[in-house]
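Let me begin by presenting the structure, written as structure tokens, before commenting on it.
Sequence lines set the chain letters: A, B, ... in the order given, protein chains first and strands last, and positions in each chain run from 1. Quick caveat: nothing in here was measured; it's all calculated off a predicted structure.
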Amino acid sequence: MSIPLSSTPGADPRVRFCPAPSGWLHVGSVRAALYNVLHARHHGGTFVFRIEDTDATRATEDSMRSMMEALHWIGLDWDEGPEPGGSSRGPYGPYRQSERKALYAEVAARLEASGATYRDYRTSEELEAWREQQRAGTGEGPPVVKASTFEHTTEEIERFAAEGRTASLRLRTPESGSITVTDLVRGDVTWDWSQISDPVIQRSDGSATYPLANSVDDLAQGITIICRGEDLLSVTPRQVRLHELLLADGLLDEALAAVGFPARDPSWGAPSAFAHLPMVVGMDRKKLSKRHGSVSIQEFRRQGFLPATLRNYLSLLGWAPKDGRERLDDADLIAEFDLSAVGRSAAAFDVDKLTAFNGERIRELPADELTELLLPYLDGTEGEEALIEQPITDGQRAIVSGLVPLIQERMQRLDEVERYAPAFLQDEVELDEDSVAKVFTKKGAPEAIEATIELLADVEWTIEAIEAGLRELPEELGIGFGKVAQPVRVAATGSSVSPPLFESLELLGRETSIARLKAALPVARAAQPDTD
RNA sequence: GGCCCCGUCGUCUAGCUGGCCUAGGACGCUGCCCUCUCAAGGCAGAAACGGGAGUUCAAAUCUCCUCGGGGCUACCA
């Protein structure tokens, strides 16, 4: 199960998700990806997946692979984007920025030729020193880089060039006036150009930076709505400026043609709107990090969260359908999702609620489907140790299939099967210390176990018969049923907490059940309080 | 410091064209019921409009101020 691909490839609206491949994909990013997908599906549009690996020092191949894997696992497949094999799908590729360098260089050259940029020969160290000074208040104001104060004189340029220094390329942004951007979730947002630094669009080593690559690609790939995290809100003005420049006089179209990249659709303009999603934060309202437990998607997978649960829960982090329902399947999400209904305040990621949602969905699963989902947690794929063979034997499958109905309604995560299964898949069971101390020390425990051994020896081996037999014991022994059930439970399963007793015994089988009761008997006797 | 964004139960949120709100739902929490343990399920309950001024017959809903939180302030994205 996952959200379907576009039935009308290439159609409007065209949205994109474009992570930088460093580290793992985390829930905030996935939420952004989800909203993009939902918007696309709701309107019958196209979801583009792009890898923003312009910074060679940070991007890694491993990270890229894991992000693609994570996105696929969680059910967010893309209509256009890179393919696992190294190829790509879609007519406006390539979709990895590291494969689009020629385009950026071409665009940068044309931008420079048009006078939209200027060279900056300052080194990172010099820039940093300048900022320090500005912030310390000894300078003339906040550290805003503007051509009016930053552009070198002709003599300086000649001198630096003679010295062999290389320059970065900065975009010339307006020195005054303001810009207003329409945001689907925040309304109109206005900035004064005087407060906005001229961004570096090309590093001194000739590579493109995010501002350039991102703007070029959004236009080259016909993105209509830019929906991303709020952390990118303040970067929007320069991006809009770049969009204007790139579209003016067909600059981008000519560059595309010059380097042999796919031409843009003639109907495409600049993105018509932005949508800045509220941040996803931890329960302490701080930025999500390892401290908050799981943040990477593969971690959720390992713990046994269902992709559908994640999609459902994440959709509600910043948005709610009109009718207030919380249990939403993909069809509901696609039908009801609305970007303009997204909230404005940061949302805290609540694992407890996610977990509750997951338990709810696990309970709804057909037993055989759940069984299949559980196997990876038993054969060593996801879990720590392997309790079953891979592939599973018929006998083991029978046990797991028998166990599933017993544990289905008490599980919230798939990995919890690792807690219940050992008692049923291993010959011997280790008696839990606390359970022994709590249950075997009660008066009558050994007697209950003894009587049960006798009973199980020749009772008909069905759940009903076992239950009927056990229910008669308390009367004979003159105690309550709990006084019998608990010792037997501990003896048979090793713990005072287990699936229902009669069903558990039945599943264990007559021989194993009796063997365990016999083995536990001396332990129970030893645990009895002294009666002398 | 500067610019920008945000502010309803612990958390996600409904409400925000002002009265139907004694502020609704969900997770979590507490109690009770059910019960062979643990769950599941059922029922009940505690729990919020950051603060202050206005406007108005009436404000969670409009205005202003204030406080608080966050983002950006990189030749990262």
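Nucleotides B:U56 and B:G15 place their P atoms 28 Å apart, quoted to the nearest Å. When the P atom is used for both B:G25 and B:A48, the distance is 14 Å, rounded to whole Å. The gap from the P atom of B:C16 to that of B:U35 amounts to 45 Å, rounded to the nearest Å. When the C1' atom is compared between B:G52 and B:C5, the two are found 23 Å apart, to the nearest whole Å. Separation of the C1' atoms belonging to B:A44 and B:C57 is 38 Å when rounded to the nearest angstrom. Going from the P atom of B:C29 to that of B:A40 covers 9 Å, rounded to whole Å. Between B:G41 and B:G28, the distance separating the two P atoms is 9 Å to the nearest Å. A distance of about 49 Å separates the C1' atoms of B:G1 and B:G45, rounded to the whole Å.
Contacts of A:P19 with the nucleic acid, taken as non-hydrogen atoms under 4.0 Å apart, are absent. Heavy atoms of A:V200 sit under 4.0 angstrom from primed sugar atoms or phosphate atoms, though from no base atom. Counting non-hydrogen atoms under 4.0 angstrom, A:Y313 reaches nothing in the nucleic acid. Contacts of A:G318 with the nucleic acid, taken as non-hydrogen atoms under 4.0 Å apart, involve only primed sugar atoms and P, OP1 or OP2. Residue contacts for A:V235: at a heavy-atom cut-off of 4.0 Å it reaches a base atom on one of the strands shown. Note on A:L501: a base of the nucleic acid sits closer than 4.0 angstrom, heavy atoms only.
Phosphate proximity of B:C36 to A:R471: present, with a side-chain N or O under 4.0 Å from OP1 or OP2. Of the side-chain N and O atoms in A:T54, one or more sit less than 4.0 angstrom from OP1 or OP2 of B:A77. For the OP1/OP2 pair of B:C75 and a distance below 4.0 Å, the side-chain nitrogens and oxygens of A:R170 include at least one atom meeting the criterion. An OP1 or OP2 oxygen of B:G41 is reached within less than 4.0 angstrom by a side-chain nitrogen or oxygen of A:R363.
Nearest to the side-chain atoms of A:R131 among the listed nucleotides B:C12, B:C36, B:A74 stands B:A74. In the set B:U11, B:U37, B:G28, the nucleotide with an atom closest to the side chain of A:R285 is B:U11. Closest to the A:Q486 side chain, of the nucleotides B:U37, B:C75, B:A77, is B:U37. Set against B:U37, B:A77, B:C27, the side chain of A:L232 has B:A77 as its closest nucleotide. For A:E52, taking side-chain heavy atoms from C-beta onward, the closest of the listed nucleotides B:C75, B:A77, B:C12 is B:A77. For A:E409, taking side-chain heavy atoms from C-beta onward, the closest of the listed nucleotides B:G71, B:A39, B:C75 is B:A39. Distance from the side chain of A:L127 is smallest to B:C75 among B:C72, B:G1, B:C75. For A:D55, the side-chain atoms get nearest to B:A77 when compared with the rest of B:C12, B:A39, B:A77. The side chain of A:K287 has B:C72 as its nearest neighbour among B:C72, B:C75, B:G1. Ranking B:U11, B:A77, B:C38 by closeness to the A:T209 side chain, first place goes to B:A77.
The distance between the ring centers of A:Y118 and A:F150 does not fall below 6.0 angstrom.
For the pair A:R31 and A:Y35, the cation sits on the ring face: its NZ or CZ lies under 6.0 Å from the ring centre, inside 45° of the axis. Cation-pi geometry between A:R327 and A:F357 is not met at under 6.0 angstrom from the ring centre and within 45 degrees of the axis.
Here the shortest heavy-atom pairing between A:D183 and A:V185 reads OD1-N, 2.8 Å. Residues A:A348 and A:M283 come closest through the heavy atom pair CB-SD, 4.0 Å. A:T209 and A:T54 get closest at one heavy-atom pair: C-OG1, 4.4 Å. Minimum heavy-atom separation, A:E52 to A:N214: OE2-OD1, 3.2 Å.
At a threshold of 4.0 Å, the pair A:R131-A:E126 does not count as salt-bridged, since none of the basic side-chain nitrogens sits closer than that to a carboxylate oxygen.
The nucleotide B:G50 finds its pairing partner in B:U66, both defining distances of the Watson-Crick or G-U wobble pair being shorter than 3.5 Å. Figure legend. B:G31 is base-paired to B:C43; pairs are counted as Watson-Crick or G-U wobble with both atom distances under 3.5 Å. Base pairing annotation: B:U37 forms no Watson-Crick or G-U wobble pair, as no partner gives both donor-acceptor distances under 3.5 Å. Remark: B:U56 base-pairs with no nucleotide; criterion is Watson-Crick or G-U wobble with both hydrogen-bond distances under 3.5 Å. Pair assignment for B:C9 gives none, since no Watson-Crick or G-U wobble pairing has each distance under 3.5 Å. In this entry B:G18 has no Watson-Crick or G-U wobble partner, no candidate having both defining distances under 3.5 Å.
Side chain A:R410 to base B:C38: a donor-acceptor pair is found below 3.5 Å.
Considering A:R165, A:R170, A:K146 in turn, A:R170 is the only one that fulfils the salt bridge (Lys or Arg N to Asp or Glu O under 4.0 Å) rule with A:D120.
Atom CH2 in A:W130 sits roughly 13 Å away from atom C1' in B:A74 (whole-Å rounding). As a whole-Å value, the separation of A:L277 CG from B:G71 P is 16 Å. At whole-Å resolution of the value, CE in A:M67 and C1' in B:A77 are 11 Å apart. Atom CD in A:E467 sits roughly 12 Å away from atom P in B:U35 (whole-Å rounding).
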Using nucleotides 3-7 of chain B, report all nitrogen or oxygen pairs with the protein that are shorter than 3.5 Å.
{"residue": "B:C5", "atom": "O2'", "partner": "A:R186", "partner atom": "NH1", "Å": "2.4"}
{"residue": "B:C5", "atom": "O2'", "partner": "A:E230", "partner atom": "OE2", "Å": "3.0"}

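For the residue pair A:T180 / A:D188, no side-chain donor-acceptor distance below 3.5 Å is found, with atom types taken as modelled. Checked by atom type, the side-chain pair A:R363/A:Q408 shows no donor-acceptor distance below 3.5 Å.
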